[in-house]
Amino acid sequence: MTEAEEYFDGLDAASRDAFRRIRAIAPRVAPDGRSYGMAGLRHGGKPLLGFRAAQEHVSTHPFSRRRSTRYGGG
């Protein structure tokens with residue numbers, strides 16, 4: 001089990017499902033990892049997208065505008 005999977009397994013079902021949908025599109029270009037204390041995805045050895053859950057919301061954190069634009073982000 002990866003560090004990212006361990007993080008997601010510890011979340012409530014709604015948060016876990018939200019992140020599952022978000023993460024479904026990314027594995028082809030970025031492996032799991034951790035950056036800045038967050039579970040996330042890395043590309044070229046650098047953080048690409050981080051995931052965090054709070055009591056009332058979930059968050060994704062893009063780390064590189066150039067990389068996120070290349071893979072369909074704004």
Side-chain angles (χ1 to χ4, degrees):
M1 180 179 294
T2 68
E3 291 178 342
E5 288 169 334
E6 289 175 6
Y7 174 80
F8 294 122
D9 281 350
L11 300 176
D12 63 89
S15 296
R16 194 170 45 250
D17 290 344
F19 282 128
R20 187 172 291 133
R21 288 190 306 271
I22 294 165
R23 292 181 70 224
I25 63 170
R28 292 183 186 111
V29 298
D32 284 347
R34 287 187 78 93
S35 294
Y36 302 99
M38 290 183 270
L41 301 171
R42 299 178 72 78
H43 182 264
K46 296 182 180 180
L48 174 65
L49 185 65
F51 305 103
R52 278 301 237 192
Q55 188 170 353
E56 299 291 325
H57 69 278
V58 296
S59 301
T60 58
H61 301 272
F63 289 107
S64 168
R65 180 163 178 78
R66 184 180 59 126
R67 282 188 174 83
S68 63
T69 300
R70 179 176 175 186
Y71 294 107

### Summary
Applied to residues 11-21, the salt bridge (charged side-chain N to carboxylate O under 4.0 Å, His left out) test, sequence neighbours excluded, yields Asp17-Arg20
### Message
Could you work out, with ring-ring contact (aromatic ring centres under 6.0 Å, His included) as the rule, every residue matching Tyr7, not counting sequence neighbours?
### Response
none
### Side chain to side chain, Phe8 and Glu3, heavy atoms closer than 4.5 Å
no
If you look only at distance, which donor and acceptor atoms sit under 3.5 Å apart when one is on a side chain in residues 47-56 and the other is two or more places apart or in another chain?
residue	atom	partner	partner atom	Å
Arg52	NH1	Gly37	O	3.4

